[in-house]
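The block underneath contains the structure these notes are about, expressed in C-alpha cells.
Numbered from 1 within each chain, the chains take letters A, B, ... in sequence-line order.
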Number of protein chains: 2
Amino acid sequence: MKATIYDVAREAGVSIAAVSQVINGKGKISEERRAKIMDVMERLGYKPSVIAAALTGKKTYTLGLLVPDISNPFFAEIARAVEDRVDHHGYSLVICSTDNQDERVERYLTLLQQKSVDGIIIGTGIEDKELLAPILAKSIPVTMIARGLPGEAIQTVTVDDYEGGRLAAQHLLSLGHTSMAVLAEHPKVTSSQERIRGFREAMAESGQTLPEYFVKSGGRDLIKDGKRNASELMRYAERPTAIFCCNDLLAIGALQAARELGISVPRELSVIGFDNTILATVTNPALTTIAQPTERMGGLAVDIILQKNGEQPDESSRTVLAPELIVRQSTAAPLR
Amino acid sequence: MKATIYDVAREAGVSIAAVSQVINGKGKISEERRAKIMDVMERLGYKPSVIAAALTGKKTYTLGLLVPDISNPFFAEIARAVEDRVDHHGYSLVICSTDNQDERVERYLTLLQQKSVDGIIIGTGIEDKELLAPILAKSIPVTMIARGLPGEAIQTVTVDDYEGGRLAAQHLLSLGHTSMAVLAEHPKVTSSQERIRGFREAMAESGQTLPEYFVKSGGRDLIKDGKRNASELMRYAERPTAIFCCNDLLAIGALQAARELGISVPRELSVIGFDNTILATVTNPALTTIAQPTERMGGLAVDIILQKNGEQPDESSRTVLAPELIVRQSTAAPLR
DNA sequence: TTGAAAGCGCTACCAC
DNA sequence: GTGGTAGCGCTTTCAA
C-alpha cells in the first residue's frame, strides 16, 4: 500500500500540515522537525500524490502533445524535442496520434482536458477550428507546433513553410530545371499548401508556371502515395525533371518509384524532400531536403506554453523559424 | 472556468449524487431526471474530472511507457502500437525517453508513480533491477516490452532475440559466408546479447566460431557507431564478408561505411539488420533484416497490463514472439 | 512555529 | 428513486 501524508505525519508525530510544509519547502519549521519528517518520508518511501495536489488547485505537471502519427520520424523527432524540454521543467508528456482526423482530435482534446493537463501542444492539422473553442473557453493553454491555424489567436511555432517551398524551387531552378512537379500530403494539410505556394511563386518569379496536373496529393500511407503519384507523373509524355515532395516520406516514395521504373536519380530525375528526418540521410542517393529546426521548435513550443519565456506572450504571437536547404545527392542539373 | 458536478447539480435542481449516477451509469434514476441532467451537462460543457475521480479510488486511465528514445524509429513504432491499443481501452499514454540511463528510469518511475498511473510498460533496459522494487512494492502493474529482465518475476513481451540471431546466422550461412562479424549496441543491452548468443550458436553448429574481435559494440549514436565500427572491421587484413547488426540503425551505419570505403553491398559485403523498421525499406540496397512484430507486441503488452486478456496472468509469464527473416537486397553470397 | 479545519471534485454508502 | 455525507490525499488559511 502506498504511504500517504497521514502516515508520515503519524509516524513523525506531527500534523499533516507540517509534512505538507516540508514537501513544498514553504512555511516555517524548526530544522529538527524538518529533519525528522524528511527521515520518515524516506523511510516510508513516501511520494506525494500529484493527483491529490492537483485537486487542491496545483498543477498536474503534465502536458498533452497531439501529432498525426508518432511513428512518423518527423513527429517522433518533434516529440523527443518537446519531451526533453518538458522534462527539463519537471513535466511529463501525454502523446496522442490523431491520424489527421478531426474526430480523434476532438476526443483527445476532451480527454486531456478531463485529465487536467496544464497545456496542450498541437502538432496536427485541424480542419474544424471550432474544435478548439471548448478548451480555449476553459482557458487551457494551447500552442501549435509545426502546423498553423490561420486566423486563430493561438501561439504558434512553425517553420516558414512558404519560404521552405521557395528554397526548394530556387535550388531546382538554379540547377536549370524547367519542368517540375509537386507531391503533397492531403490537400487539407495547411503546411503542404504553404510549401506549394512558396514553390509556385518562386517558379513564377522565374517565369515558370506549375501546371495543376503536376501537383499530386496523397492520403494516409505517405510512402506508398508518393510512390504511386510519382509513377503517375513519370508516365506523362512530358514528364517533369524534378519533383518537390512536401515531406521526406513522399520523397522516399518518389525515389522508390524512380528505381522501379529504372529512372536514375538524380541524373534523370531530381527529388527534393522536406523535414530532413533521419530518413533523408539514409536513402541512396541521400535526399536533398529542406530542414526544419525540430529541436528549437519543440523547445520553444514548451517554453511558450509554460510561459517560461520571460515576457508575456501577446495574444496571437506566431514564431516562424527559418528552414534550411540541405543539399545531398538526390538533386542535379537536368539532362539537357 | 470549468464547470463542476456542483454546477450541473444546481442547474438541474438535483443532488450531486444524482449527477454522479448518470455520469457512471449506475444506480437508479428516472428517465426524466436523467435526460434533464444530461441536457444540463451538455449545455454547460461539463466534463467530469478524471483527477477527482481518481482520488476517490477510481483509475487514472493513464499508462506510462518507458523507451530508450522515442525518436528511434523502432521505439516510435512500438509506441504507436501501444498507443493504439491503450486508446482502444480508453486510456492515454505518458511517454518517457530514458536514453538507457538508469538514473532517468528511476526518475520517471517515481514520477509516474506520483501521477498514479494505472500501470507502466517498460521498453528500456534496466541495469539495476532494484529500481523496480519500489513500484512493485506499491503493486503498480509493470510489464516489460521488447526487453526482458532476466530473473525477475515480471510479465514480459519480447521477440525471441536468440532465435532472431540464429535466423540471421542461418541466412548468412546458407549464403555461404564463412567470415562474419557483429555490430552490437552497448554491452549492457540484453537484447543485443541474446541476439549475439543465437548468432554465435548457429555459427558453432556450422562449425564456425565468432572471434571476439569481430564483435563491436556501440554507444549513444547508433548510426555513427555502426559506421565507425564497420569501418574498423573493414580495415582488418582478413575482413569479414558479412556483418550482422543488432538493429537497423547500426546496419545503416555499416551501409554508410561500406559506401564510403567503396565496398559494394551485397557483392563484397553482406549486411543484415534487426527490427525491420521503416529505415530498412528505404536504404539502397534495401536492408535484409529480422522483423519484430511490433504491433502484436504493443497490443499484447497493453492487454496484459490491463488484464484484458481474460485469464489471470501467472506471476512471471513471458510471452516470446517469433522473429521473421525479411530478405531484401543487402545480403548475397560472398565473392568466392 | 504548529495544527485544526475547510475545501478541491467526485464516488459510494446509507438513510429516507 | 433520491439526496445527505463521509471520505480520497493534499494545500492553505487562520488561530492558537
Side-chain angles (χ1 to χ4, degrees), chain A residues 1-38 40-41 44-62 110-118 138 140, chain B residues 1-38 40-41 44-62 110-118 138 140:
Chain A
M1 225 46 270
K2 298 190 52 172
T4 74
I5 198 171
Y6 287 99
D7 301 320
V8 176
R10 187 177 341 103
E11 195 75 9
V14 301
S15 74
I16 61 166
V19 179
S20 178
Q21 284 186 24
V22 349
I23 292 171
N24 299 291
K26 292 181 175 177
K28 274 93 184 49
I29 310 213
S30 61
E31 197 43 57
E32 187 189 3
R33 293 169 72 82
R34 183 190 169 67
K36 166 96 187 190
I37 291 171
M38 295 273 274
V40 173
M41 294 201 301
L44 266 42
Y46 169 74
K47 302 269 182 279
S49 156
V50 173
I51 295 287
L55 195 54
T56 72
K58 294 189 72 166
K59 292 180 293 194
T60 52
Y61 290 97
T62 302
T110 81
L111 203 62
L112 290 172
Q113 173 195 331
Q114 291 191 243
K115 297 199 172 163
S116 309
V117 296
D118 298 329
K138 269 116 191 163
I140 296 174
Chain B
M1 222 47 271
K2 297 188 51 171
T4 74
I5 199 173
Y6 288 99
D7 300 321
V8 177
R10 188 179 338 104
E11 195 75 8
V14 300
S15 73
I16 62 165
V19 179
S20 178
Q21 285 186 26
V22 350
I23 292 172
N24 299 291
K26 292 181 176 177
K28 273 94 185 48
I29 310 212
S30 62
E31 197 41 58
E32 187 190 3
R33 292 168 72 81
R34 183 189 168 67
K36 166 97 187 193
I37 292 171
M38 296 273 274
V40 174
M41 293 202 299
L44 264 41
Y46 169 74
K47 302 269 182 280
S49 157
V50 173
I51 296 287
L55 196 54
T56 72
K58 295 190 70 166
K59 293 180 293 194
T60 51
Y61 292 95
T62 302
T110 82
L111 203 62
L112 290 172
Q113 173 196 330
Q114 291 191 243
K115 295 196 174 167
S116 309
V117 296
D118 298 328
K138 269 116 191 163
I140 296 173

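- Residue contacts for B:A17: at a heavy-atom cut-off of 4.0 Å it reaches a base atom on one of the strands shown.
- Note that CD of B:Q21 is 4.5 Å distant from CD1 of B:I29, once rounded to the nearest 0.5 Å.
- For D:dT12, the OP1/OP2 oxygens have a side-chain nitrogen or oxygen of A:K26 closer than 4.0 Å.
- Atom OG of B:S15 is separated from atom CD1 of B:I37 by 7.5 Å, given to the nearest 0.5 angstrom.
- Atom CD in A:E31 sits roughly 11 Å away from atom P in C:dT2 (whole-Å rounding).
- Regarding A:I16, its CD1 atom lies at a distance of 8 Å from the C1' atom of D:dG9, rounded to whole Å.
- Atom CD in A:E32 sits roughly 12 Å away from atom P in C:dT1 (whole-Å rounding).
- Taking OG of A:S30 as the start and NZ of A:K36 as the end, the distance is 11.5 Å to the nearest 0.5 Å.
- Residue B:K47 contributes atom NZ, which lies 17 Å from atom C1' of C:dC10 at whole-angstrom precision.
- The distance from the CD1 atom of B:I5 to the CZ atom of B:R10 is 12.0 Å, given to the nearest 0.5 Å.
- Near DNA chain D, meaning a heavy atom under 4.0 Å away, the residues from residues 5-14 of chain A are A:I5, A:Y6.
- In this structure, NZ of B:K36 is placed 13 Å from P of D:dT2, rounded to the nearest angstrom.
- OP1 or OP2 of C:dC8 has not a single side-chain nitrogen or oxygen of B:T4 nearer than 4.0 Å.
- When the nearest nucleotides of DNA chain D are assigned to B:T56 and B:S15 by heavy-atom distance, the more 5′-ward of the two goes with B:S15.
- The phosphate of D:dC10 (OP1 or OP2) has no side-chain N or O of A:S49 nearer than 4.0 angstrom.
- Rounded to the nearest 0.5 angstrom, B:S116 OG and A:K2 NZ are separated by 5.0 Å.
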#### Entry: Chi angles and distances behind the side-chain hydrogen bond (donor to acceptor under 3.5 Å, both in side chains) call for A:T62, B:K115
CA-CA 9 Å; A:T62 302; B:K115 295 196 174 167; 3.2 Å; yes

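- Each of B:A52 and B:Q21 has a nearest nucleotide on DNA chain C; the 5'-most of these lies closest to B:A52.
- For the pair A:R33 CZ and C:dT1 C1', the interatomic distance rounds to 8 Å; values are reported in whole Å.
- The separation between A:L55 atom CG and C:dT11 atom P is 12 Å, rounded to whole Å.
- Between the NZ atom of B:K28 and the P atom of D:dG3 there is a distance of 16 Å, given to the nearest Å.
- One finds the CD1 atom of B:I140 at 4.5 Å from the CD atom of B:Q113 (value rounded to the nearest 0.5 Å).
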